[in-house]
Amino acid sequence: MGQTLYDKVFDRHTVRELDSGQSQLLIGLHLIHEVTTPQAFSMLDERGWKVLYPERTFATVDHIIPTKSQLRPFSDSLAEQMMASLEANVKKHGIRFFDVDSGRQGIVHVIGPELGLTQPGMTICCGDSHTSTHGAFGAIAFGIGTSQVRDVLATQTLPIERLEVCRIDVSGKLGPGVYAKDVILHVIEARGTKGGVGFAYEYSGDVFDAMTMDERMTVCNMSIEGGARCGYVNPDETTYEYLRGREFAPNGDAWEKATEYWESVKTDADAELGDVARFDGANIEPMVTWGITPGQSTSVGGTIPEASTFDEAERVQVTEAYEYMGLEPGRAIAGTPVDVAFIGSCTNGRLSDFETVAKLVEGRGLRVKSGVRALVVPGSQEVRKQMIDLGYAKTLEEAGFEIRDAGCSMCLAMNPDKLEGREVCASSSNRNFKGRQGSPTGRTLLMSPAMVAAAAIAGEVADARELFNPS
Amino acid sequence: MKDDKRTVMTGPAVPVRGNDIDTDRIIPARFLKSITFEGLGEHVFADDRAQLADAGKTHALDDPRFSDATILLVNKNFGCGSSREHAPQALNRWHKGIQAIVGESFSEIFFGNCLTIGIPAVAVDEVAMARLMAAAETGAEVRVDLESKTVSAGEESFPARIAEGARSQLVFGSWDTTAELLSAESEIAKTAEGVPYFHGW
Ligand code: SF4
């Protein structure tokens, strides 16, 4: 019986079995940022421990960084304090820091892959649940809490219980105007936000085979929204092509050695799986969330589902969602007015996302509807630079989008970018939780970047396929 | 250390109803702007509480009947979303401090975060939870027993589930794992040698 990538990589990194029945797992790459680490370093210092392998940890700043001006000191003194704490800690422990002056700063899940740090066959941790993004390269990548960050710093290992693997197979071809974001929103809608609990999702089938690395990252990013702590795609030529030549990717003789290892960890044809869920790519439509969990979504042509279509146990929450969102069941989601449009985040803040939107908007004389605030926030300084060099920034600016500096921005609004009051935001991010975008009563509709652009221009939820291709 | 052992936790309980309660709700992001966990307790469920208060209703955490609670009762997929350990840290700092959480199910990251700070998160079925919540509302104390793997209130007792590894760490007081992990330093180095990329191909 063959093995899955998950099991092969897990075995390879197992230091020993612990008395608790968990495995002590070696972590190959540890990424850190300012929000979840200050307390971890304090605990380390209190106990007098050092960082065991400082060269396997890399730091950046993303959550609190303002996107209008990254000049120091930040106007928010709490943000400044967190930044200063990170600076002191990386300096003290000899950790490489991609700070604002490096030209490489950005959202941790955007820069890891961009720099070639993220590679197949690795175990990757970060004090952030969207670490699942890195699974796109065929790595076991998962989010951890602050005490676990301390453990990784001190020991480069974690006590971990092995997950089962559930294969998410999407066959066939996506229709035009249907994106990776729609695929993952569709999967989460079908399987629910708890469907992946206890599993690692292995994404396979024609649709994922055909995807670019950016698209695979969008999918793996939201594994956690489906309850799966990690998700991955087996590495292939697309993966290797992406990595070739990147700053931290292997080169020369090392490249041969690396590809040999990467090939060896792929899931075997006869591997045993915990579960399989099959989808047909042709049935996937552009998706929009209408509720307060990422599982509460519908296709853009659909209506907000009636409470009666849900299990009894879910109805309380569904009713809560109608109330919070101010949306009525039975009504079409298209036409829902929006106040804000946000394109960015570790889900959809990569160059290809802005390229897609720029190409849809370009030359059509379309403009953001007056009264709508439309933010374009690149996931990294590098993405921003390329957006400018390739003219996408100019196209989007001319269409009425505001281009900002790199960071998490309005994905969770720990910086000055926030919703106000009950504003509705069409957002390319990953969470539509109550209050997620900075206003305790703010409302979020998750969708693909193309759909966000369509909403910005129409001033309401609209089918991007029709708006950008009027017949 | 004896006081690290978590075997039986008994106390008044507070029911916080609803499935998929995410960590953004348990502790909204704006309270994460700090370099310590201190002071988080008062902000637990800050936005949910304020919204209910505005609507003339009372969140369970603001209900004087539950102000001494040390056990939290929740429904399904509690603690989903962001991996912020600030969520259990805040619960642990609320009033008398939440010492144990009983739910129908938990998100994995949240469960792990509770474990690393010594808070048991144990699961019971839906029927049991309804009974426990009802009992808590009458002021009954809830008892979480990790030896017998039961949760009880008054005369009623229900079987509880928790991963065996986690249970043994709590019962034996070995949930603070750093020292144990570090005791394998030479094995860690050996495993690292065997992973081809670790020291740069
Ligand atoms: S972009 Fe959003 S989800 Fe991604 S790391 Fe930043 S805050 Fe988290």
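Just so we're on the same page: letters track the sequence lines, and every chain starts at 1. Reckoned from all heavy atoms, side chains included, excluding hydrogens, waters and symmetry mates.
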Checked A:W49, A:F142, A:F41 vs chain B; the most non-hydrogen pairs under 4.5 Å come from A:W49
Report task. Indicate yes or no: does B:D47 engage B:R30 in a salt bridge with an N to O separation below 4.0 Å. Result -> yes
Looking only at B:G18, B:A29, B:P88, the option with the highest number of non-hydrogen pairs under 4.5 Å against chain A is B:A29
Okay, B:I188 and chain A: the region with an atom under 4.5 Å from a heavy atom over there is both
Exercise. Check whether any side-chain N or O of A:K8 sits under 3.5 Å from a backbone N or O of A:S264 as a donor-acceptor pair, and report yes or no.
Key: yes
Just checking, any donor-acceptor pair under 3.5 angstrom between side chains of B:E85 and A:S147? yes
Honestly, the part of A:Q317 sitting under 4.5 Å from a heavy atom of chain B is side chain
Whatever's closer than 4.5 Å to a heavy atom in chain B on A:T123 counts as both
* Using only heavy-atom distances, determine whether the side chains of B:E104 and B:N75 contain a donor-acceptor pair under 3.5 Å. => yes
Cut-off 4.5 Å, heavy atoms of chain B, and the answer for A:R431 is side chain
If one checks every heavy atom of A:A313 against chain B at 4.5 Å, the contacting part turns out to be both
Honestly, the part of A:I27 sitting under 4.5 Å from a heavy atom of chain B is backbone
Worksheet entry | Exercise: do B:N77 and B:S105 side chains pair donor with acceptor under 3.5 Å | no
So, the part of A:S85 with a heavy atom under 4.5 Å from chain B: the answer is side chain
Between the CG atom in B:N113 and the CD1 atom in B:I119, the distance rounded to the nearest 0.5 Å is 10.0 Å
- Query: Can a salt bridge be assigned to the pair B:R131 and B:E156 using a cut-off of 4.0 Å between side-chain N and carboxylate O?
  - Reply: yes
So, the part of A:R56 with a heavy atom under 4.5 Å from chain B: the answer is side chain
Applying a strict 4.5 Å limit to non-hydrogen atoms, the region of A:W255 in contact with chain B is neither
Scored by heavy-atom pairs under 4.5 Å with chain B, the best of A:E260, A:R47, A:H63 is A:R47
Under 4.5 Å to a heavy atom of chain A? For B:D176 that would be side chain
Answer key: most heavy-atom pairs under 4.5 Å with chain B among A:R12, A:M82, A:K257, A:K418 is A:M82
| query | So does B:R167 pair up with B:E164, basic N to acidic O under 4.0 Å? | reply | yes
Residue from B:S83, B:G112, B:G165 scoring the most non-hydrogen pairs under 4.5 Å with chain A is B:S83
If one checks every heavy atom of A:Q22 against chain B at 4.5 Å, the contacting part turns out to be side chain
So, the part of A:V316 with a heavy atom under 4.5 Å from chain B: the answer is neither
| query | Is the closest basic N to carboxylate O distance between B:R84 and A:D128 below 4.0 Å? | reply | no
If one checks every heavy atom of B:E187 against chain A at 4.5 Å, the contacting part turns out to be both
Turns out that what part of A:L163 lies under 4.5 Å from chain B's heavy atoms comes down to side chain
Ranked by heavy-atom pairs below 4.5 Å to chain A, first place among B:D20, B:L32, B:D48, B:V195 goes to B:D20
Scored by heavy-atom pairs under 4.5 Å with chain B, the best of A:G21, A:G198, A:G438, A:S42 is A:G198
Whatever's closer than 4.5 Å to a heavy atom in chain B on A:Q119 counts as side chain
Donor + acceptor pair across side chains of B:T116, A:Q148 (<3.5 Å) | no
*Between B:R143 and B:E155, is the closest basic N to carboxylate O distance under 4.0 Å?*
no
Notebook entry, point to check: Is atom CG of A:D19 surrounded by more than 12 heavy atoms (other residues, nucleotides or ligands) closer than 6.0 Å?
Noted result: no
Thinking salt bridges, do B:E137 and B:R17 make one under a 4.0 Å N-O criterion? yes
Scored by heavy-atom pairs under 4.5 Å with chain A, the best of B:S174, B:A189, B:G81, B:S168 is B:G81
Turns out that what part of A:D253 lies under 4.5 Å from chain B's heavy atoms comes down to neither
Margin query: Under a plain distance cut-off of 3.5 Å, with no hydrogens placed, do B:Q169 and A:S20 share a side-chain donor-acceptor pair?
Written below: yes
Of the listed A:L29, A:D76, A:T293, the one with the largest count of heavy-atom pairs under 4.5 Å with chain B is A:D76
Query raised in the report: Under 4.0 Å between a Lys/Arg side-chain N and an Asp/Glu carboxylate O for B:R93 and B:E42?
Result: no
When the 4.5 angstrom heavy-atom criterion is applied to B:E126 and chain A, the contacting part is side chain
Given A:A258, A:A254, A:G227, A:G143, the one with more heavy-atom pairs under 4.5 angstrom with chain B than any other is A:A258
Worksheet item: Using the benzene-type ring in the case of Trp, are the ring centres of B:H86 and B:F37 under 6.0 Å apart?
Response: yes
Note: vs chain A, highest number of non-hydrogen pairs under 4.5 angstrom among B:T178, B:I109, B:T23 is B:T178
Closer than 4.0 angstrom, basic N to acidic O: yes or no for A:D45 and A:R150?
no
Applying a strict 4.5 Å limit to non-hydrogen atoms, the region of A:R16 in contact with chain B is side chain
